[in-house]
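Encoded as structure tokens, the structure appears first; notes follow it.
Keep in mind that the numbers below use all heavy atoms, side chains included, and drop hydrogens, waters and symmetry copies. The first residue in the sequence is number 1, and the count goes up from there.
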Amino acid sequence: NNMDTAEEADICRVCRSEGTPDKPLYHPCVCTGSIKFIHQECLVQWLKHSRKEYCELCKHRFAFTPIYSPDMPSRLPIQDICAGLLTSVGTAIRYWFHYTLVAFAWLGVVPLTACRIYKCLFTGSVSSLLTLPLDMLSTENLLADCLQGCFVVTCTLCAFISLVWLREQIVHGGAPQWLEQHQPPPQNAAGQANEAQAAGQGVAQERPAAQPAPPDPPAQNEAEPEPPDGPPEQADDPDLEEEEEAAAEDADANNGAQDDMNWNALEWDRAAEELTWERMLGLDGSLVFLEHVFWVVSLNTLFILVFAFCPYHIGHFSVVGLGFEEYVQASHFEGLITTIVGYILLAMTLILCHGLAALVRFQRSRRLLGVCYIVVKVSLLVVVEIGVFPLICGWWLDICSLEMFDASLKDRELSFKSAPGTTMFLHWLVGMVYVFYFASFILLLREVLRPGVLWFLRNLNDPDFNPVQEMIHLPIYRHLRRFILSVVVFGSIVLLMLWLPIRLIKLLLPAFLPYNVMLYSDAPVSELSLELLLLQVVLPALLEQGHTRQWLKGLVRAWTVSAGYLLDLHSYLLGEQEDNEANQPASSRPHPAPAVGEGLHAAHQAILQQGGPVGFQPYHRPLRFPFRIVLLIAFLCITLLVASLVCLTLPVFTGRWLMSFWTGSSKIHELYTAACGLYVCWLSIRGVTVLLAWMPQGRTVIVHKVQEWTLMILKTLVVALLVAGVIPLLLGLLFELVIVAPLRVPLDQTPLFYPWQDWALGVLHAKIIAAITLMGPQWWLKTVIEQVYANGIRNIDLQFIIRKLAAPVISVLLLALCVPYVIAAGVVPAAGVTPEMEILMQRRIYPFLLMVVLLIGILSFQIRQFKRLYEHIKNDKYLVGQRLVNYERKSGRASSVPPSNPVAE
């Protein structure tokens with residue numbers, strides 16, 4: 001580390017000073033020139049500040065060599081190792097105890113308390129309240145109560161977050177007009193004093209509407225004289241001064257009330273700056289979380305009492321009083337329906353009390369009741385729009401498709417009675433999917449049609465669209481009208497595209513229906529394997545292609561152009577760029593939305609027009625415009641009917657024909673035949689569109705493209721055979737041998753393996769492993785998968801995939817399959833063991849070797865931990881400092897030393 005005389009002119013890159021014998025200069029990285037050298041102290045300070053261990057310019061990692069005390073022995077004494085080991089064990093025990101307490105509090109006490117308080121409140125007896133402390137300490141049904149309590153806590157937490165978010169929506173979006181129309185305008189003390197003076201003298205004064213409020217003048221007390229322009233007889237009137245003081249006090253009270261209503265939760269951010277998730281949950285090692293546990297239990301109890309107990313009993317008493325108890329019990333959802341009825345009655349009571357409070361001029365009570373009504377109203381509307389409406393759509397879809405599956409309403413009734421919760425959930429899920437795809441199709445229509453054609457439907461891409469603001473501001477009858485109109489529209493589309501095509505198919509092709517959806521568990525090709533194949537391979541490959549949406553958009557545009565020219569509605573449907581408002585007749589100017597469209601969009605459109613009109617393009621209005629619109633709607637219905645007929649028959653017919661060659665059976669699950677036919681149709685359409693796109697480029701280009709695509713398809717097939725065929729098959733077979741067969745098949749029975757089912761399960765396992773690998777740390781498999789994904793199909797590198805991905809993975813899986821088999825079938829019989837032992841070894845060697853591998857991994861991890869502990873004990877007792885290592889002088893030994901904490905001691 002001694003500097004040569006030629007290097008004395010060199011300076012530190014940080015402090016710009018030269019090296020000295022006490023503070024020499026080092027060159028620890030690849031950088032050269034004026035930034036080559038640096039003092040160790042300067043580098044250490046910079047590393048503390050930047051929190052990095054490498055140079056920001058050359059990305060070279062700095063290296064430090066430890067300096068130990070001269071009296072350090074070659075090996076640590078046993079007593080030092082034992083003392084350090086005991087200290088580490090004590091620390092581990094302390095952390096284990098603390099984290100066990102944290103887990104017990106948050107995963108045991110909180111959910112268990114929530115569940116048993118919930119059960120106690122809904123038992124409906126006084127004895128349950130008296131025995132609640134004993135029920136809290138009971139050990140019966142701990143796991144079930146904890147799981148149910150977790151659900152209760154999650155619901156209360158979501159309710160609390162929703163209330164906070166709804167309050168923010170009211171604060172930022174403003175309260176409804178009916179809530180603010182009786183609110184007196186905010187006035188200062190001087191303004192109210194002037195009104196009190198006028199009232200005392202019997203003078204009716206009226207402030208001009210355009211006069212702005214004074215900018216908060218200083219408050220006047222009794223000792224201050226009146227301004228010069230005031231009447232002189234009012235200066236020394238004690239009664240008037242008392243009135244002024246009373247008016248000022250009323251103004252302060254009203255301002256205080258206004259401040260209470262305008263309270264902002266963001267003001268508490270300063271008090272919560274030090275509260276982090278680690279400190280709140282107790283992961284920082286402190287016991288402050290016990291206080292948070294108490295508050296969570298208390299708030300959870302309060303939420304259960306206010307938002308579940310009270311509405312449920314209000315609804316229960318009302319249902320019993322009206323005599324509807326039997327009908328509610330027959331629905332199998334007595335608690336939910338009773339609670340919803342309670343919320344409806346609570347909303348009616350709140351709005352009635354709000355009207356009475358406004359009548360008697362109780363402003364604070366009026367506003368509080370109004371806000372509570374808004375909360376209940378928004379909650380009920382969310383339940384209706386997210387829960388009830390998709391459920392209605394799902395049941396209507398099921399009812400209209402009964403003949404397609406040769407089912408009846410009696411079958412659906414029996415399935416509902418056997419599993420009401422599962423049946424309702426499945427119908428709700430189907431309805432949500434239907435609503436989602438309908439909304440996606442509407443978004444695609446907006447990309448094709450002229451802005452303004454779909455004025456009666458919501459524009460979900462509108463940045464100003466906020467459904468919660470609509471729920472807050474619009475009255476109930478507007479939401480009810482929109483809900484009824486939505487049910488009519490969605491139900492009519494289901495009739496047109498499902499029920500009517502099924503009737504036509506049964507009339508024209510009697511043998512085509514019903515679809516075969518029966519499950520056969522004893523089939524060689526398991527339904528589970530085909531389902532996994534469909535869900536994991538076929539449908540994602542089809543739906544992830546962007547061409548499908550472009551084709552659908554092209555078909556919609558072609559239909560729109562054709563219908564526009566046939567009916568002379570091209571300008572109305574697609575618009576004309578050369579038209580503008582200046583050369584259009586008055587009849588084609590933008591018109592306000594008629595009342596019939598208020599059900600879906602016009603209500604929100606009125607809110608949007610506060611900042612300007614909604615996007616609209618003018619159009620040319622032909623003669624007999626209403627009649628042409630009726631013809632357009634009829635043409636649309638016929639097109640949807642024909643498209644539905646094609647979608648219900650062509651993929652299934654194609655899939656049945658193709659899969660009959662493969663399986664030789666005509667009874668195949670229609671989900672798979674439809675998927676197969678749909679995929680074949682998609683590939684055919686894709687090939688035709690590609691050839692049509694290539695034809696204008698000439699024969700030479702087509703031949704070159706065909707050769708290029710043929711080579712790419714061959715490479716893709718080879719990669720698919722290895723990555724999507726061999727690897728999943730080996731992975732599924734290994735999983736079968738290691739996990740499934742030892743658990744399910746006794747030793748006196750022979751396990752049967754189905755390659756197709758193993759392959760399908762292997763596909764699922766491969767996808768899970770790939771997802772975990774991509775989410776994990778950087779290693780060779782993650783790098784290879786990312787590189788393959790980045791290259792894509794067009795730039796597929798067959799040699800790279802085989803050499804870096806397929807060959808290593810297949811080799812590892814083959815070794816994992818073959819080595820145990822060779823040992824069990826070759827080595828063990830040669831040792832002369834009994835046949836029973838041979839069978840035992842053949843059946844248990846795979847899980848045994850898995851346990852051995854896991855044990856070796858655990859041991860290697862513990863050895864690395866012990867080495868780190870050994871280094872930590874040695875550094876704590878004998879480390880006296882660290883010395884920076886020069887880049888050129890790094891020997892093999894120095895470079896192999898891992899850089900420790902870069903702080904010189």
(request) Any chance you could lay out the side chain to side chain contact (heavy atoms under 4.5 Å, CB included) test for I344 and I340, step after step, and finish with the verdict? (result) CA-CA 6 Å; I344 294 174; I340 292 177; 4.1 Å; yes

key: side chain to side chain donor-acceptor pair (under 3.5 Å) assessment of N466 paired with Q169   = CA-CA 10 Å; N466 192 342; Q169 291 288 327; 3.1 Å; yes

Open item on the list: Checking C115 against V152 for the side chain to side chain contact (heavy atoms under 4.5 Å, CB included) test, could you report, in this order, the C-alpha distance in whole Å, the side-chain angles of both residues, the deciding distance, and whether it holds?
Closed with: CA-CA 7 Å; C115 175; V152 173; 5.5 Å; no

For this session: Dump the intermediate steps for side chain to side chain contact (heavy atoms under 4.5 Å, CB included) on V652 and L648, then the final yes or no.
Result: CA-CA 7 Å; V652 175; L648 290 175; over 6 Å; no

Item to check | Residues M404, I505; criterion side chain to side chain contact (heavy atoms under 4.5 Å, CB included); working and verdict | outcome: CA-CA 9 Å; M404 187 166 61; I505 292 173; over 6 Å; no

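Closest of all the heavy-atom pairs between L345 and S318 is CD1-OG, 2.6 Å. Residues D411 and A407 approach most closely at OD2-CA, 3.7 Å, considering heavy atoms. The two residues C146 and L107 make their nearest non-hydrogen contact at SG-O, 4.1 Å. When all heavy atoms of P111 and V153 are compared, the pair lying nearest together is CA-CG2, 4.2 Å. I337 and S331 make their closest contact through CD1-OG, 3.1 Å (heavy atoms, listed as atom of the first residue, atom of the second, distance). Taking each heavy atom of G431 and C393 in turn, the nearest pair found is CA-CB, 4.2 Å.
Residue pairs satisfying the salt bridge (charged side-chain N to carboxylate O under 4.0 Å, His left out) criterion with at least one member in residues 417-440, sequence neighbours excluded, are listed as follows: E413-K417. Judged as a side chain to side chain donor-acceptor pair (under 3.5 Å), the pairs with a partner in residues 297-307 (not counting sequence neighbours) are, in order, T156-N300. Residue pairs meeting the side chain to side chain donor-acceptor pair (under 3.5 Å) criterion with at least one partner in residues 733-747, sequence neighbours excluded, do not occur; the list is empty. Counting only residues at least two apart or in different chains, salt bridge (charged side-chain N to carboxylate O under 4.0 Å, His left out) contacts with residues 304-318 are absent. For residues 420-435, every residue pair satisfying the side chain to side chain donor-acceptor pair (under 3.5 Å) rule, not counting sequence neighbours, is listed here: D398-H427. Residue pairs meeting the salt bridge (charged side-chain N to carboxylate O under 4.0 Å, His left out) criterion with at least one member in residues 137-160, sequence neighbours excluded, are R116-D145, K119-D145.
Looking at P742 and R844, their side chains come closer than 4.5 Å, going by heavy atoms from C-beta outward. Side-chain contact check for F151 versus C155: some heavy-atom pair is nearer than 4.5 Å. Contact annotation: the side chain of I768 approaches that of L764 to within less than 4.5 Å [non-hydrogen atoms, C-beta and beyond]. Annotation: side chain of R843 is in contact with side chain of V745 (closest heavy-atom distance under 4.5 Å). Annotation: side chain of S486 is in contact with side chain of F389 (closest heavy-atom distance under 4.5 Å). You'll find the side chain of D406 stays beyond 4.5 Å of the side chain of L513, heavy atoms only. The shortest distance between side-chain heavy atoms of W106 and V296 falls below 4.5 Å. The side-chain heavy atoms of S408 and L402, taken from C-beta on, include no pair separated by under 4.5 Å.
By the neighbour-count criterion of 12 heavy atoms within 6.0 Å, atom CZ of F653 is sparsely surrounded, having that number or fewer from other residues, nucleotides or ligands. When the shell of 6.0 Å around CZ of F512 is examined, it contains more than 12 heavy atoms from other residues, nucleotides or ligands. Heavy atoms from other residues, nucleotides or ligands lying under 6.0 Å from CZ of F438 number more than 12.
Here F122 and Y118 bring their ring centres to under 6.0 angstrom of each other.
Side-chain atoms of S660 come within 3.5 Å of backbone atoms of W657 as a donor-acceptor pair (strictly under, hydrogens ignored). Although no hydrogens or angles enter the test, the distance criterion places no donor-acceptor pair under 3.5 Å between the side chain of K377 and the main chain of I476. Formation of a donor-acceptor pair under 3.5 Å by the H316 side chain with backbone atoms of G342 is not found in this model.
Take F317 and apply the side chain to side chain contact (heavy atoms under 4.5 Å, CB included) test, not counting sequence neighbours, and it matches H313. For L302, the side chain to side chain contact (heavy atoms under 4.5 Å, CB included) criterion is met by V306, not counting sequence neighbours. Listed by chain and residue number, nothing satisfies the ring-ring contact (aromatic ring centres under 6.0 Å, His included) test with F436 (two or more places apart in sequence, or in another chain). In this view, Y343 satisfies the ring-ring contact (aromatic ring centres under 6.0 Å, His included) rule with no residue, not counting sequence neighbours. Partners of F160 under the ring-ring contact (aromatic ring centres under 6.0 Å, His included) rule, at least two apart in sequence or in another chain, are F303.
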Using atom types as modelled, flag every donor-acceptor pair under 3.5 Å from a side chain in residues 490-504 to any protein atom, sequence neighbours excluded.
residue	atom	partner	partner atom	Å
S492	OG	V488	O	2.6
R503	NH1	E403	OE1	3.0
R503	NH1	E403	OE2	2.7

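For the side chain to side chain contact (heavy atoms under 4.5 Å, CB included) criterion with P651, the lone passing option out of T673, L678, V680 is L678.
By the 6.0 Å and 45° rule, R478 does not stack over the aromatic ring of F483.
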